Amino acid sequence: MTTPLIEMRNISKTFGAVTALSKVSLRLEAGGVLGLIGDNAAGKSTLMKILAGALRADSGEILIDGKPATFAHPIAARDAGIEMIYQDFALVPELTVTQNIFLGREITRRIAGVKVLDRSAMNVRAKEMFAALGLRVPAVTLPVQALSGGQQQAVAIARATGFEARLVIMDEPTANLGAPAIERVRETITRLKKSGVAVIIISHRLEDIFAVGDRFMVMKQGQLVGEREVHDTDNADLVEMIVTGADPRKPLVAV
Amino acid sequence: MTTPLIEMRNISKTFGAVTALSKVSLRLEAGGVLGLIGDNAAGKSTLMKILAGALRADSGEILIDGKPATFAHPIAARDAGIEMIYQDFALVPELTVTQNIFLGREITRRIAGVKVLDRSAMNVRAKEMFAALGLRVPAVTLPVQALSGGQQQAVAIARATGFEARLVIMDEPTANLGAPAIERVRETITRLKKSGVAVIIISHRLEDIFAVGDRFMVMKQGQLVGEREVHDTDNADLVEMIVTGADPRKPLVAV
Amino acid sequence: QEGPNICFVTFSLQIAYFQSSVEGGQRAADELGVNLTVLDPQADASRQVTLVEDCISRGVDAIVMDPIESNSLFGPIEQAEAAGIPMVTLDTQIDHPNVLALIGVPQFDASREFGQYVAGYIAGAMGGEARIGLMIASSEVQLARRDGFLAALEALPGVEIVAEGDGRNILEVAQAEAENMLTANPDINVIYATGDPQLQGGLAAGLSQNRDIAFFGWDDIPQPFIAPLEEGRLVGFLKQSPDYGGEQAVRLLVDYLNGEDVPSVVSYNPTVVTPFNVDQFR
Amino acid sequence: MFPSRFQNNGACMSDVNSTIRRKAKNPAFDMRMAAVFLVRYGMFIALALWMVAMALSSEHFLTSTNILNVARQAAPIIIIGVGMTFVMATAGIDLSVGSLVALISVLTAAWLVAGLPAYLVIGLVIVVGAMLGALNGFIITLGVPAFVVTLAALTSFRGVGFVYSDGRAVPISDPVFVFIGRGDIFGVNTPLIIATVVAVVGWFVLNRTRFGLYVLATGGREEAARVMGLAITRIKITVYAITGGLAALGGIVISARLSNGSPNAGMMLELDVIAATVLGGTSLFGGRATIAGTVVGALLINFVRNGLNLHGVNPYWVQVVTGIILVMAVLMNTVLNRKAEAWARANPDDEQEVSK
Amino acid sequence: MFPSRFQNNGACMSDVNSTIRRKAKNPAFDMRMAAVFLVRYGMFIALALWMVAMALSSEHFLTSTNILNVARQAAPIIIIGVGMTFVMATAGIDLSVGSLVALISVLTAAWLVAGLPAYLVIGLVIVVGAMLGALNGFIITLGVPAFVVTLAALTSFRGVGFVYSDGRAVPISDPVFVFIGRGDIFGVNTPLIIATVVAVVGWFVLNRTRFGLYVLATGGREEAARVMGLAITRIKITVYAITGGLAALGGIVISARLSNGSPNAGMMLELDVIAATVLGGTSLFGGRATIAGTVVGALLINFVRNGLNLHGVNPYWVQVVTGIILVMAVLMNTVLNRKAEAWARANPDDEQEVSK
Ligand SMILES: Nc1ncnc2c1ncn2[C@@H]1O[C@H](COP(=O)(O)OP(=O)(O)OP(=O)(O)O)[C@@H](O)[C@H]1O
Ligand SMILES: Nc1ncnc2c1ncn2[C@@H]1O[C@H](COP(=O)(O)OP(=O)(O)OP(=O)(O)O)[C@@H](O)[C@H]1O
Ligand SMILES: [Mg+2]
Ligand SMILES: [Mg+2]
């Protein structure tokens with residue numbers, strides 16, 4: 001086995017008295033597409049927020065290219081090439097589509113030595129990003145609060161996939177999308193995979209992962225229940241694992 | 001044809017310069033289950049918010065039992081027995097699960113002539129509601145901001161279905177739910193239908209509507225594209241209508 | 001800790017007049033071995049009541065007060081009487097047996113006398129014709145000064161009060177107010193100010209608009225007014241001696257605590273400072 | 001799995017029931033309760049610490065006169081603070097309370113002088129206060145930010161007070177008012193009793209009635225409250241009317257205490273009231289409110305000033321030190337908060353072992 | 001379908017491009033632009049209306065002395081208001097600016113007296129102001145509400161000013177300061193020039209630089225800004241530091257104008273500054289901010305007071321009327337807003353016909 005791009009070891013996390021994660025481990029190679037599935041409140045979003053630096057684990061370690069990296073802050077994770085599409089999109093409602101997309105890595109130009117936002121360049125680039133994705137939004141100069149749920153999701157997807165990332169995490173990327181847009185997202189994932197980017201998808205829509213994924217990881221109540229290769233499982237098998245929280249192939253989960 | 005429970009006629013609505021709806025009509029009998037589908041930004045949520053009184057149409061009329069009713073305010077719609085599950089849940093984050101469920105129709109008791117919130121009665125009732133639905137949330141005394149996305153959706157569903165309604169509108173009720181919970185929601189819809197409650201479901205998951213619905217209505221760009229009985233259509237037919245915005249059976253849409 | 005404990009509840013230490021009064025008190029206290037505690041209600045009557053109450057809680061031997069609103073102090077005065085704590089007031093008289101004495105200048109009377117001086121100036125130097133702007137602040141003391149001044153000028157036929165501005169004892173406000181007043185009334189040729197922020201603000205406004213106006217006004221601090229006096233913009237100002245008042249208040253209470261008889265009024269004549277006697281005050 | 005009241009693992013309702021029943025027996029749970037207590041009552045602790053420090057360093061502090069004095073000083077802030085708590089719970093603010101106190105003070109004195117009976121005057125000015133508050137609320141519901149409306153009211157109300165009184169203070173000697181200001185019932189002074197009644201009623205309304213719930217919902221997420229059929233407009237107007245009425249009551253108490261109807265009354269009082277409310281833990285952004293916190297906040301502010309005065313601190317330094325102490329109190333509360341949270345989840349792994 | 005810049009029907013980008021190119025030719029679109037203009041510049045209109053009314057009713061109003069007077073009075077409010085706009089854009093507030101002005105005023109006079117050269121003093125006090133602002137910001141990022149921190153600073157800073165100066169005002173006669181306070185460049189007085197420069201730079205930073213965007217993002221949705229990798233803590237500390245530095249600059253201008261270093265300077269200034277900012281349309285809840293609005297707000301406040309004074313309105317009534325006019329202005333703005341929106345979507349049906 002080669003050194004994985006990402007490895008999470010024994011991650012635990014509690015919120016007050018709620019144990020959201022207990023000793024969860026995960027590994028993913030470059031170009032791999034992992035589907036993270038599980039019932040509501042299984043801890044999927046929490047695990048991914050830790051990987052993206054938005055939350056800090058209580059214990060456990062994260063390795064990138066085999067080297068330990070504790071992401072104290074989203075800045076560090078972004079610098080390491082990790083992008084995340086949050087379940088609630090994490091968009092600033094008052095800012096425009098373009099501003100949201102480029103937030104934190106604006107294009108600037110110098111006027112008389114002063115760095116100035118290059119707004120037209122960013123608008124053009126944003127339009128190109130949507131064109132490349134095949135996703136649709138109205139004018140990129142609209143504030144995102146004027147967009148419908150699905151349009152906001154498209155903005156979040158464009159932001160996460162439009163820059164050079166090594167790992168893209170997608171938390172329910174298709175929950176608010178219509179059929180054509182879902183098709184586009186699947187194409188995007190395939191494209192990312194081809195260019196060597198690793199992808200983690202959280203989705204209740206198993207069919208999305210069957211379509212483009214390599215591997216499933218099933219969680220329940222903050223613990224890893226089991227793993228499956230996509231070619232080695234079927235819907236019923238996975239649903240059983242999600243519901244019962246036990247892997248029928250192994251008597252006990254040992255991580 | 002009997003007098004429909006709900007009839008919307010020529011509803012139009014613009015937001016600033018965006019035309020969200022133009023002359024959309026809709027009718028639904030008691031006990032009918034209508035699936036409202038369409039691509040992102042088609043105007044589905046907007047149409048339903050108008051029916052629930054959360055938005056006011058620019059023009060057009062609404063009839064309940066054949067009698068004109070303009071819902072100037074959600075209070076009026078609620079009094080007429082219309083409940084809605086909003087796409088963003090419309091929960092107050094700081095309030096508990098129980099408080100959110102009963103918001104606007106609290107159970108009170110009198111102590112020395114003063115109306116006092118009967119908190120234990122509401123908590124008990126809230127637990128019963130979840131039990132009846134088969135949905136799960138942790139303690140009903142937790143503030144909803146501590147819940148995961150799916151759990152919040154469960155609260156919104158319990159609130160809309162737990163009181164005597166004549167029409168329940170569900171905007172993407174299953175978007176954040178896992179497979180077992182989706183099953184429960186389908187059962188709930190069937191139960192509502194049996195007891196004569198009309199249901200409108202907005203969903204990008206056509207399979208949900210195929211499972212429990214009677215009729216599809218397809219929207220695109222603020223207009224009605226076409227209608228289909230569930231037994232008279234298939235997935236490909238609907239997706240074509242959603243994408244092209246034209247009904248292959250009719251040359252032109254005339255409402 | 002051998003000397004008596006005396007509380008000095010002033011009016012507002014943000015105003016120079018009262019700082020000087022407190023200094024006088026402190027000087028006497030140092031000399032007589034008194035533990036003087038100075039408390040500052042910042043011109044807020046209700047906080048002044050609070051502070052007097054706090055003094056009573058501390059069980060001090062006597063209290064000096066400079067009333068912000070005299071009515072409001074009756075409650076604490078009674079509380080002090082019950083606790084056997086004698087009091088004196090500065091500048092504002094309160095009729096109560098527990099208030100041993102008034103120290104300072106009766107404001108209405110002093111202002112009326114100053115008003116008569118102003119009237120004399122108008123008659124002599126301005127031919128008896130004047131259009132007057134008043135710069136005030138709405139406190140009990142300054143309203144008394146305004147009323148005393150008005151009483152003095154009532155009788156003069158050629159004199160008219162054309163405007164009144166409220167400087168709220170804040171320098172910037174007073175200046176803006178005075179600037180606006182002067183712009184609106186190009187014919188104003190006399191300004192009477194009832195307190196030093198009002199007078200300073202008025203002078204600054206007159207200067208910035210380059211107007212020829214005879215200024216009169218109150219209060220103690222000579223220092224910012226010396227230059228205007230020399231330049232002839234300020235005709236005269238009434239200088240009280242708050243430090244004298246503060247000093248006398250403490251002395252009187254110490255005398256009383258030592259069992260001596262004390263007078264019920266300690267007053268002095270405020271001086272009108274003009275270019276002729278300004279040298280005494282440098 | 002370790003059972004706790006907050007378990008959030010998708011257990012169904014009956015499980016939760018049983019854990020609630022079991023909680024008292026579990027020592028770890030009690031520690032958590034203690035932590036939650038610490039967080040919730042951090043400001044109580046700050047107040048208690050301050051009082052202990054003062055009691056040890058000044059013999060005059062823990063005397064009944066002093067405590068009652070401070071209680072009387074804090075009473076108007078508590079009274080008006082209860083209203084402010086409601087306003088802030090809706091994500092609003094009312095800067096006009098100090099000026100309203102001044103106007104009410106003037107009206108009270110004028111009407112008493114005019115010969116109206118004291119109880120009628122009290123009733124009338126409370127109605128006037130509530131109506132002016134409702135006017136504020138009404139303009140706010142038209143879409144003007146509360147800050148602007150009540151800032152304008154801050155200037156206007158006091159201005160009307162000055163116009164009405166021509167800037168002059170009028171003495172109040174009516175026996176009813178003397179009793180309100182300086183009387184006592186069984187040794188407890190009247191302002192304190194009034195403040196206590198207001199606080200208890202306020203607590204009850206906020207926590208036990210529909211109206212209180214609606215207020216919190218409005219401030220928590222207005223749009224959600226609206227679509228759930230709450231009458232947002234009426235709720236907002238009502239909270240400002242309540243605050244106006246309570247400011248009038250506070251104005252009565254202040255005027256009675258000062259035996260004086262003055263347009264200068266209540267100067268900067270709004271800052272003290274808002275500070276007490278925010279110190280207590282009510283959020284300026286709405287949705288979170290606590291009456292007990294407001295009471296503690298008001299007491300803290302007044303006890304800090306009192307303690308410094310009793311020590312004869314230089315009056316200029318009093319200002320500096322008051323500010324620093326208040327920030328320290330809130331900071332302590334915040335930090336305590338984090339520590340307590342960390343403590344509450346100490347060793348979650350062990351608990352997992354136990355549950356297997 | 002009617003093409004408009006805001007069309008939102010899922011058209012792909014190239015469509016949008018073409019509509020933008022076509023917009024100018026369409027008269028209906030121009031009407032919409034006018035409506036949007038009305039909404040955005042409602043306060044400009046309010047200011048203009050007021051100025052016209054005053055110019056017609058008072059011969060003294062439109063004199064250059066008067067206009068320059070008002071501009072000079074408004075200058076410190078504009079200078080500090082630019083900082084406040086940044087603070088409010090992050091959903092913060094800074095109540096301490098008035099007290100900081102006082103402290104800076106005292107320090108300026110003291111250091112000039114001590115013989116430091118004027119330019120060094122200016123540099124030093126701006127650094128002191130920025131550092132005190134940064135201290136505020138730092139405590140705020142520890143989790144203490146901005147209202148509490150800056151309210152405490154409000155008391156403390158002025159207190160330090162009093163301690164340092166022992167309550168005494170010190171005259172300032174340094175020629176550099178005389179020039180700042182009362183000088184002019186080509187007939188435009190210096191305070192106004194300083195205010196203009198600050199406003200232009202502030203506008204540029206807010207609207208054209210990364211930092212401005214980050215400030216808006218932080219106030220708009222802090223959690224989203226955080227997960228997008230913005231350094232929230234640093235941004236917040238910086239906006240308070242900016243406001244502190246600008247308050248110091250405002251303090252210099254005020255001291256120079258009054259030729260006086262006084263711990264009483266800037267009393268209640270914070271209310272004027274906040275009022276100007278909010279009047280201008282910056283949201284107290286963050287995410288929405290406009291420098292031009294703040295400038296207009298500051299001018300409006302000062303011109304309203306000036307106009308009333310010019311008419312010789314009784315000073316008590318000035319307070320009442322000022323409040324009423326400010327509320328009316330914002331109300332007009334709000335209502336205009338709604339009307340304009342309604343107007344902008346007049347006859348959408350017709351447009352549909354056209355497009356078919
Ligand atoms: N900020 C928070 N504060 C308190 N509890 C939280 C917080 N975030 C998550 N939790 C809790 O942690 C647990 C795991 O939540 P998480 O959001 O990771 O679930 P999930 O698997 O993403 O579920 P879903 O499919 O519903 O989104 C839940 O019990 C949730 O209530
Ligand atoms: N409050 C609003 N302000 C401005 N525009 C709005 C608002 N709400 C909706 N819109 C616009 O109205 C149109 C219809 O939106 P709507 O939310 O009804 O779509 P939808 O069919 O529910 O889409 P989705 O499937 O993505 O939820 C969109 O173009 C959207 O941008
Ligand atoms: Mg999730
Ligand atoms: Mg929708």
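From a predicted model like this one, the values you see are computed outputs, not experimental measurements. Chain letters run A, B, ... following the sequence lines, proteins first and then strands; every chain starts at 1.
Looking at every heavy atom in both residues, D:Ala152 comes nearest to E:Gly323 through CB-O, 3.2 Å. For the pair D:Ser156 and E:Val320, the tightest heavy-atom approach, listed with the atom from each and the gap, is OG-O, 3.1 Å.
Across D:Val163, D:Val144, D:Leu151, D:Val327, the residue that shares the most heavy-atom pairs under 4.5 angstrom with chain E is D:Val163. Among the candidates E:Leu95, E:Ile93, E:Asp166, the residue making the largest number of heavy-atom pairs closer than 4.5 Å to chain D is E:Asp166. Of all the listed residues (E:Val149, E:Thr322, E:Leu284, E:Val321), the one sharing the greatest number of non-hydrogen pairs under 4.5 Å with chain D is E:Leu284. The residue among E:Ile139, E:Leu279, E:Ile324, E:Leu271 with the most heavy atom pairs within less than 4.5 Å of chain D is E:Leu271.
For E:Phe285, the CZ atom is densely surrounded, since the number of other residues' heavy atoms within 6.0 Å is greater than 12. By the neighbour-count criterion of 12 heavy atoms within 6.0 Å, atom CH2 of D:Trp317 is sparsely surrounded, having that number or fewer from other residues, nucleotides or ligands. At most 12 non-hydrogen atoms from other residues, nucleotides or ligands lie less than 6.0 angstrom from CZ of E:Arg288.
Note that the OG atom of D:Ser165 and the OH atom of E:Tyr316 stand 7.0 Å from one another [nearest 0.5 Å]. Atom CD of D:Gln319 is separated from atom CG of E:Leu154 by 9.0 Å, given to the nearest 0.5 angstrom. Atom CD1 of residue E:Ile325 and atom OG1 of residue D:Thr155 lie 11.0 Å apart, to the nearest 0.5 angstrom.
Both the backbone and the side chain of D:Ala275 have a heavy atom closer than 4.5 Å to some heavy atom of chain E.
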